[in-house]
Structure formats: structure tokens, C-alpha cells
S.K.: 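This is the structure, below, for whatever I ask next.
Hydrogens, waters and symmetry mates play no part in the numbers below; they use all other heavy atoms, side chains included. Within every chain, numbering begins at 1; the chains are lettered A, B, ... in the order of the sequence lines, protein sequences first and strands thereafter.
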2 protein chains.
Amino acid sequence: MVEEIQNKLNEFVKSKGLRKTPQRDAIVACIFAQDEHFTADELWDRVRSANIKASRATIYRTLNLLLEAKLLHEIDLGEDTKTYDPNFHDSPSHNHLICIDCGKVLEFEDSHIELLNDCITRRMGFRPKQQSIRIEANCEKLRTSGSCPSLIEARLNGKRLPKKR
Amino acid sequence: MVEEIQNKLNEFVKSKGLRKTPQRDAIVACIFAQDEHFTADELWDRVRSANIKASRATIYRTLNLLLEAKLLHEIDLGEDTKTYDPNFHDSPSHNHLICIDCGKVLEFEDSHIELLNDCITRRMGFRPKQQSIRIEANCEKLRTSGSCPSLIEARLNGKRLPKKR
DNA sequence: CTGATTGCAAATGCTTTGCACGCCA
DNA sequence: TGGCGTGCAAAGCATTTGCAATCAG
């Protein structure tokens, strides 16, 4: 999977008359080794702890290349910082549900939604190109049982919880 | 309509032990006099040309107050700068279609979509709180007839067109 | 060899904040 | 009179960019 993306990026890079470099390959490997969403800063941490020698500038430049090659997507999680999602390669049209209680993000696909959106778009005189749905919701488990594994885990790991709205 | 929002904000402000001020009222009036989306900077321009005496800091502080009071929403148009939408007061659950060709933003509501999202959310074990859909699409009119009024207008007004993705 | 890539630090752009002063309740 | 609100300028933060050195093809 990692290799597949590296190859695709390198093809893209070559097609633009640019070059294959070890830094880029290493950063790409670091990104696609997991399927978690991340910010540029979180990636920087990952890269450092993986002992990869690459500067922040190169991180940002590589992220932008990946976006341009459409191998990575920016997503809107309602945070202030840009968040990147490496999973669009496997599920090109997934959406996001964000738990307001613990910040956990679930990905989902639904063909009915897609179809419906498609119809709505056409009815308005447009040809749909891309659609993204973001649902913010409360955890039902937390509400009924008073606790939720994700929340406990989030607290344990000291993740910052969603800002209340 | 403007007055209604001003009153609501002032109630909110009072409930927090804060005060009613002429700057805030003026800025609120300036925002809700139109129904267009805007960035902080565009608001700053509007405010200046309306001859309102208020600093950038106050603009930002008022925007954040309005968000907190839920009288204004931040929306994701895929731009880098935060965009604000003053229309959630009238249509609390609308969505956005963004024309890739000219950048025009259309708002729409659809009860089927809402219902469907609601079901999907519950099936995943959550209680929906807020959902937002963003559709990026091409203009059918432009494709078939080779021209589109919005695009012409956008060019005339020197609006910057959507960055290609 | 040529020109793209990198790292560093400086620059940028948007937003927030500290502080002194003014003003509302 | 106390304390919130304001304006200003400075600080913050995430991201981008200029430049000289380095490296890929």
C-alpha cells in the first residue's frame, strides 16, 4: 500500500519534470503507514520519531505535492488547523462523523446519500464533482451508560477534547 | 431582521455579564444587512465603507461573540480563510453547493438528505447534532452553452476564481 | 553539468492578546 | 467607581518563501 502510493507520487512527480527524492519517499511512507488523520505538526512529530531527516519546509512541500496528485485530501473536522486524510485512496467517497463528546472521527460511506446528493445537484443545474458530509453527533453509549471507551481512551492519552460549541 | 439579531446578541451578552456597545451593534447591523458569506477582511472593508469606527480587533471579537451565541456560523468553502455565513438564523440547516467554475455558492435545504443522515448517524450509535454537506460541482449551463452569467459577473467584478484542484 | 530539492531562517497572513485609556452601569 | 470594551501595536501560529548549498539524473 505504501509502495503503491510512493509509485503513484513518483509517476506524478516525473510527469511534472520533477525528481524522486529519499525525503519524499520517507515522508510518504510515514503518512501511509497508518490510516489516521493528522495535522502537519503531528506528521512532523511522526517523522522525527521515525528518525527521518527532513525539515518542516519539506514536510509542507510534500503535503502540497500529495494534495496536487490527489493522493491525500484535506478534510474539515471543524478544527482550526488543516487536517489531512490518507484514506481517500481506499475509499474515494467517504464522509466523516465527528463525536462531540470525545473527538473521535468515524468514516462512513453510503450510496443512498451519494445518489440523493447527485440528484439534488443536478436539479440545481450542476454536475456533481465531489461531495463531503460532516456530521457532528453525540455518543449514544455515553448518554445511556454514562461512559464510552473512546472518551476514556482520549482522556488517558491526554488528547484535547472537542471545544464546546 | 437586523434588530432581531442585535437584540438576541445583547441578551446573550447581558447573560454573560457583558455590556451592550455601539460598536457591536454597528458591526452586527453591517453583517446582517446582507445575506452574503464573508471573511473577516471583507467585513472589515464593509465596516470601513459604512463609516463605522471600529478596529480590526473589535471585528474579530464581535465575530467570536456571534459564533458563541450561535447567531453566525463558520462554514467550509474549501478556502484557506475562515468564511462566515449569516443565514443560519433563517435556515438553520442549510447546505452549500460551490460552483467550481465561478466560485458561486448556492444554499439549499433538503429534508430527505436530513432524514437519511439522521438514520445513518443513529445506526452508527450516535445522536445527530449538526450536519453539513458541501458539494463541489461544475456548472451545467457553462458546459452546454459555453457561458454562464455568474462566471461573467465574477470576471467583471474581478473576483478570484476557484483554485483548480 | 544543470536545475530541482533541501534546510534554514526570515517573511507572510490571519487572528489573538496585553496594555493603557475611556466609558458604561 | 469598578470593570468591561476599545484601539493600538505587538505577539502568536501555521504555512510559505528566498537563498545558498546539495544532490539527482
S.K.: Out of curiosity, A/Glu68 CD to A/Lys16 NZ, how far, rounded to the nearest 0.5 Å?
M.R.: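 Between atom CD of A/Glu68 and atom NZ of A/Lys16 there are 3.5 Å.
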
S.K.: Just how far is it from atom CG of A/Leu67 to atom NZ of A/Lys82, taken to the nearest 0.5 Å?
M.R.: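 Answer rounded to 0.5 Å: 8.0 Å.
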
S.K.: Would you kindly give the CZ-to-P distance between A/Arg24 and C/dG7, to the nearest whole Å?
M.R.: 11 Å

S.K.: Would you say A/His96 and A/Asp85 are linked by a side-chain donor-acceptor pair, where the criterion is simply a distance under 3.5 Å?
M.R.: yes

S.K.: What is the distance from NZ of A/Lys82 to P of C/dT15, rounded to the nearest Å?
M.R.: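 Checked: the NZ to P distance equals 13 Å.
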
S.K.: Go through residues 37-49 of chain A and report each residue with a non-hydrogen atom lying under 4.0 Å from DNA chain C, sorted by number.
M.R.: none

S.K.: Check every strand shown and say whether B/Lys53 touches a base, only sugar-phosphate, or nothing at a heavy-atom separation below 4.0 Å.
M.R.: sugar-phosphate

S.K.: With B/Glu153, which residues qualify under side-chain contact (heavy atoms from CB on, under 4.5 Å), at least two apart?
M.R.: B/Asn157

S.K.: In degrees rounded to 10°, what angle is found between the helical axes fit to the five outermost pairs at each end of the helix from C/dC1-D/dG25 to C/dA25-D/dT1?
M.R.: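 It works out to 30° between the end axes.
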
S.K.: Please state whether the phosphate of D/dC8, meaning OP1 or OP2, lies under 4.0 angstrom from any side-chain nitrogen or oxygen of B/Ser55.
M.R.: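 Checking B/Ser55 against D/dC8: no side-chain N or O falls below 4.0 Å of OP1 or OP2.
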
S.K.: What's the CZ-C1' distance between B/Arg56 and D/dG12, to the nearest Å?
M.R.: 17 Å

S.K.: Go through the structure and list residues passing side-chain hydrogen bond (donor to acceptor under 3.5 Å, both in side chains) with B/Glu114, not counting sequence neighbours.
M.R.: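 side-chain hydrogen bond (donor to acceptor under 3.5 Å, both in side chains) check on B/Glu114 returns B/Ser93.
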
S.K.: Measure from the side-chain N and O atoms of B/Thr21 to the backbone N and O of B/Arg24, and report whether any donor-acceptor pair falls under 3.5 Å.
M.R.: yes

S.K.: Take the protein atom CD of A/Glu79 and the nucleotide atom C1' of D/dA14, then report the distance between them rounded to whole Å.
M.R.: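 For the pair A/Glu79 CD and D/dA14 C1', the rounded distance is 14 Å.
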
S.K.: Do B/Tyr84 and B/His73 have ring centres separated by under 6.0 Å?
M.R.: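 Aromatic pair excluded; centres sit 6.0 Å or further apart.
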
S.K.: Rounded to the nearest angstrom, tell me the gap between atom CG in B/Asp80 and atom C1' in D/dT15.
M.R.: 9 Å

S.K.: Taking atom P of C/dG3 as reference, at what distance in whole Å does atom CG of A/Leu18 sit?
M.R.: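 Result: 14 Å.
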
S.K.: Any chance you could list the contact pattern along nucleotides 17-24 of chain D? Use B for base contacts, S for sugar-phosphate-only contacts and - for none, protein heavy atoms under 4.0 Å, 5' to 3'.
M.R.: BB-----B

S.K.: Measure the distance from CG on A/Leu67 to P on D/dT15 and round it to the nearest whole Å.
M.R.: 11 Å

S.K.: Decide yes or no for B/Ile113 and A/Ile120: does some side-chain heavy atom of the first lie under 4.5 Å from some side-chain heavy atom of the second?
M.R.: yes

S.K.: Judged by modelled atom types alone, do B/Asp110 and A/Asn117 share a side-chain donor-acceptor pair under 3.5 Å?
M.R.: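 No, because no side-chain N or O of B/Asp110 sits under 3.5 Å from a partner of the opposite role on A/Asn117.
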
S.K.: Looking only at side-chain N and O atoms, does A/His37 offer a donor or acceptor that is under 3.5 Å from a partner on A/Glu107?
M.R.: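 Yes, because at least one side-chain N or O of A/Glu107 sits under 3.5 Å from a partner of the opposite role on A/His37.
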
S.K.: At a heavy-atom distance below 4.0 Å, what parts of residues 3-15 of chain A sit against DNA chain D?
M.R.: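 Contacting residues: none.
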
S.K.: Roughly, in whole Å, what's the span from CG in B/Asp25 to C1' in C/dC23?
M.R.: 15 Å

S.K.: What I want to check is whether the side chains of B/Asp101 and B/Asn138 have a donor and an acceptor closer together than 3.5 Å.
M.R.: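 Yes.
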
S.K.: Any luck finding a side-chain donor-acceptor pair between B/His89 and B/Lys8 under 3.5 Å?
M.R.: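 Note: B/His89 and B/Lys8 side chains meet the donor-acceptor criterion.
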
S.K.: Can you check whether A/Asp35's main-chain N or O pairs, donor with acceptor, with A/Asn87's side chain at less than 3.5 Å?
M.R.: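 Yes: the side chain of A/Asn87 pairs with the backbone of A/Asp35.
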
S.K.: Side chain of A/Gln6, backbone of A/Asp25: donor and acceptor closer than 3.5 Å?
M.R.: yes

